[in-house]
Undergrad: 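Here it is: the structure, laid out below.
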Amino acid sequence: MAEYKIISTCGRAKHAEFKTVHGTVQTPVFMNVGTVGAVKGGVSSDDLERIGTQIELSNTYHLHVRTGDEVIKRLGGLHKFMAWNRPILTDSGGFQVFSLADIRKIKEEGVTFRSHIDGHKIFMGPEESIQIQSNLGSTIAMAFDECPSSVATREYVKDSIDRTARWLVRCKKKLDELNSREDTVNPHQLLFGINQGAVYNDLRIEHAKRITELDLDGYAVGGLAVGETHEQMYDVLDHVVPYLPKNKPTYLMGVGTPANIIEAVDRGVDFFDCVYPSRNGRHGHVYTHHGHLNLVNAQYTEDDRPIEEGCQCPVCKRYSRAYIRHLLKAGEMLGLRLCTIHNLYFYNHLMEEIRNAIDDGTWDTWKKDALYALDEEHEKHTVMHQPAYYQKVRAK
RNA sequence: GGGCGGUUUCCCGAGUGGCCAAAGGGGACAGACUGUAAAUCUGCUAGCGAUGCUUUCGGUGGUUCGAAUCCACCACCGCCCA
């Protein structure tokens, strides 16, 4: 059902279109993380549309424990539930195995973990995860995987990726069965497999070969940005992305900083998601092309510039750093909301700039310039960030 | 005029002779956060030539080896009686 079409390339970086029943996504794309069916910080589906986001990500585990995937199915599925008609990717709950489960409770059948809400035991395996995702009716379902710690031993990782590969077969079987049923919310639901193997490149490659034997709709690289260095992450991508299908989208899960994303696009990645723009936004940490600002800092008390000069987001067009800082310090929800909206715009717009640079054939120089500007060690010393510079510019 | 209670480091507030530069909270300041148990968490908040020294618990003086803590007087605040 899905169609992945490459529009243009520069080296390994590529601009492609991914057609789904919920619309076409231009890649490289950033998926806006709305774990419980909403981007935290008071961001509505309206807001997401207004700032031009293409796709949203929600979580299987969280929606299962509250309010329940069966309820959402009865209400017509997640798209209808959250009044969002563009694509949705649901994460499988695999990451919650990493963050919530006792590692000793991981069995061949699946994982038992305790609800973070009331502590009750929850069992989730490949079939359960896919059933929930089918009930939600997301555009793309993710395979149920285990995300081993970056410090896991090679022996542990080997066992884990073998199990994740076996789980993938079960996910595929379950989804095929559910997609063929009459009462399925989205009978065209897609499935992405997830590559694991920690920082062991040979295990990564072995696992990639194994999971690509199944004809899935896309492939993710998981288990990165969980404690290893950026260099290790880029090294894994250099090794494993070439073993993922060229005619299908590649998704780097949970990543990352603007620089991480640029480096990963350069290594052939199409899909990204990260809590940074929303979580950091809630904490007053906002992104610009010249590094981040921590708006709660005293230096912005009387700074009436927008977060970033020239930014076309609805926040920068109207509000000052000083006002947003005031809202954050006063504990007003509007402060978190404005920061989050700016950050989401920044991330989504960054992806557009990336696609344009690839289309224009200027990717290599664009990338170099963008990474240089984003480098805070360099940027914090430039005059453009000093209030005195701004005063002079304004005076003209 | 009389009686009682109070005055603590930016704020509130604990502390009634040494373990007190002084609990706890707030505020301020700074940092962290990568498929969201996160509008959260952590650090820090007298000064300095810094394993020590100096200044600080309303003010002044006293008792004591030693005082935020005990005594005297003074100032101010609150309540009650005239």
Side-chain angles (χ1 to χ4, degrees), chain A residues 30-43 55-63 65-66 88-101 113-120 122 129 133 138 140-148 150 164 192-196 218-230 232-233 251-261 263-264 269 271-285 287 292 294-301 324-325 327-340 343 347 376:
Chain A
F30 179 76
M31 297 190 281
N32 302 271
V33 180
T35 303
V36 303
V39 175
K40 292 183 189 298
V43 179
I55 174 168
E56 191 267 353
L57 179 151
S58 288
N59 189 285
T60 297
Y61 162 82
H62 291 84
L63 290 171
V65 298
R66 190 161 58 197
I88 296 175
L89 179 143
T90 40
D91 187 29
S92 62
F95 193 71
Q96 280 60 51
V97 174
F98 167 72
S99 62
L100 292 173
F113 43 112
R114 295 219 169 250
S115 161
H116 70 282
I117 295 168
D118 63 7
H120 82 272
I122 296 167
S129 173
Q133 295 185 76
S138 59
I140 302 165
M142 292 305 298
F144 186 70
D145 66 333
E146 184 198 347
C147 172
S150 64
T164 288
F192 281 16
I194 305 175
N195 171 250
Q196 292 288 356
Y219 287 90
V221 179
L224 289 177
V226 289
E228 81 288 352
T229 65
H230 286 176
Q232 286 177 304
M233 176 167 81
Y251 164 25
L252 176 55
M253 305 185 79
V255 173
T257 65
N260 288 160
I261 289 174
E263 293 287 3
V269 177
F271 280 63
F272 298 88
D273 80 278
C274 188
V275 303
Y276 268 165
S278 50
R279 181 186 291 167
N280 284 338
R282 270 175 281 132
H283 301 161
H285 169 135
Y287 292 90
H292 87 277
N294 191 351
L295 280 188
V296 295
N297 288 174
Q299 68 180 118
Y300 302 113
T301 306
I324 298 169
R325 173 187 138 86
L327 295 174
L328 292 167
K329 299 300 281 185
E332 281 296 334
M333 190 169 69
L334 181 59
L336 320 181
R337 186 175 129 79
L338 295 179
C339 288
T340 305
N343 281 349
Y347 266 71
E376 301 186 359

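None of the values given here were measured: they were computed from a predicted structure. Every chain is numbered from 1, with letters handed out A, B, ... down the list of sequences.
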Undergrad: Can you tell me, in whole Å, how much space there is between the C1' of rG47(B) and that of rU55(B)?
TA: 8 Å
Undergrad: Of all residues at least two apart in sequence or in a different chain, which pass the side-chain contact (heavy atoms from CB on, under 4.5 Å) check with Asp273(A)?
TA: Met31(A), Val33(A), Leu57(A), Tyr251(A), Met253(A)
Undergrad: Categorize Gly335(A) for me: base, sugar-phosphate, or nothing, with a 4.0 angstrom heavy-atom threshold over every strand shown.
TA: nothing
Undergrad: What distance, rounded to whole Å, do you find between the two C1' atoms, one in rG25(B) and one in rU69(B)?
TA: 23 Å
Undergrad: Classify Ser115(A) by what it touches in the nucleic acid, base, sugar-phosphate, or nothing, heavy-atom distance under 4.0 Å.
TA: nothing
Undergrad: Indicate whether any N or O donor in one side chain lies under 3.5 Å from an N or O acceptor in the other, for Thr340(A) and Arg282(A).
TA: no
Undergrad: Side chain to side chain donor-acceptor pair (under 3.5 Å) with Ser129(A): which residues, sequence neighbours excluded?
TA: Gln133(A)
Undergrad: Find the partner of rC79(B): check Watson-Crick (N1-N3 plus N6-O4 or O6-N4) and G-U wobble (N1-O2, O6-N3) distances, both under 3.5 Å, and reply none if neither fits.
TA: rG3(B)
Undergrad: May I ask you to say what Asp273(A) touches in the nucleic acid, namely base, sugar-phosphate or nothing, with a heavy-atom cut-off under 4.0 Å?
TA: sugar-phosphate
Undergrad: With rounding to whole Å, what would you report as the distance between rC12(B) and rG31(B) at their P atoms?
TA: 29 Å
Undergrad: Can you tell me how far C1' in rC53(B) sits from the matching atom in rC4(B), rounded to whole Å?
TA: 43 Å
Undergrad: Run the side-chain contact (heavy atoms from CB on, under 4.5 Å) test against Ile88(A) and tell me which residues pass, sequence neighbours left out.
TA: Glu56(A), Leu78(A), His79(A), Met82(A), Trp84(A), Thr90(A), Ser138(A), Thr139(A)
Undergrad: Looking at residues at least two apart in the chain, or sitting in another chain, which of them share a side-chain contact (heavy atoms from CB on, under 4.5 Å) with Ala38(A)?
TA: none
Undergrad: Looking across every strand, which nucleic acid part, if any, lies under 4.0 Å from His62(A) by heavy atom: base, sugar-phosphate, or nothing?
TA: sugar-phosphate
Undergrad: Both Met333(A) and Asn280(A) contact RNA chain B. Taking the nearest nucleotide for each, which residue is further toward the 5' end?
TA: Asn280(A)
Undergrad: For rA30(B), what is the paired nucleotide under Watson-Crick or G-U wobble rules, both distances under 3.5 Å?
TA: rU42(B)
Undergrad: Let me confirm one number: the CG-CG distance from Asn195(A) to Leu224(A), rounded to the nearest 0.5 Å.
TA: 8.0 Å
Undergrad: I'd like the P distance from rU64(B) over to rA21(B), given in whole Å.
TA: 23 Å
Undergrad: Under 3.5 Å, is there a donor on one side chain and an acceptor on the other for Asn280(A) and Tyr287(A)?
TA: yes
Undergrad: Distance under 4.0 Å to a non-hydrogen atom of chain A counts as contact; along RNA chain B, which nucleotides mark the start and end?
TA: rA28(B) to rU40(B)
Undergrad: Would you classify Asn260(A) as touching base, sugar-phosphate or nothing, given that sugar-phosphate means primed atoms plus P, OP1 and OP2, and contacts are heavy atoms under 4.0 Å?
TA: base
Undergrad: Between rG49(B) and rU45(B), how far is it from one C1' atom to the other, in whole Å?
TA: 23 Å
Undergrad: According to the Watson-Crick and G-U wobble definitions, with both distances under 3.5 Å, which nucleotide is paired to rU9(B)?
TA: none
Undergrad: Give me the distance, rounded to whole Å, that separates rA28(B) from rU9(B) when you measure between the C1' atoms they each carry.
TA: 14 Å
Undergrad: For Ile194(A), which contact category applies under a 4.0 Å heavy-atom criterion: base, sugar-phosphate, or nothing?
TA: base
Undergrad: Starting from the 5' end of RNA chain B, give me the residue, Arg282(A) or Ser278(A), whose nearest nucleotide shows up first.
TA: Ser278(A)
Undergrad: Looking across every strand, which nucleic acid part, if any, lies under 4.0 Å from Gln196(A) by heavy atom: base, sugar-phosphate, or nothing?
TA: base
Undergrad: For rC73(B), what is the paired nucleotide under Watson-Crick or G-U wobble rules, both distances under 3.5 Å?
TA: rG59(B)
Undergrad: Test of understanding: with side-chain contact (heavy atoms from CB on, under 4.5 Å), list the residues that count as partners of Val296(A), not counting sequence neighbours.
TA: Asn294(A), Leu328(A), Lys329(A)
Undergrad: Work out how far the C1' atom of rC74(B) is from that of rG26(B), and round it to whole angstrom.
TA: 34 Å
Undergrad: Applying a 4.0 Å non-hydrogen cut-off, can you work out what Asp145(A) is touching in the nucleic acid: base, sugar-phosphate, or nothing?
TA: base
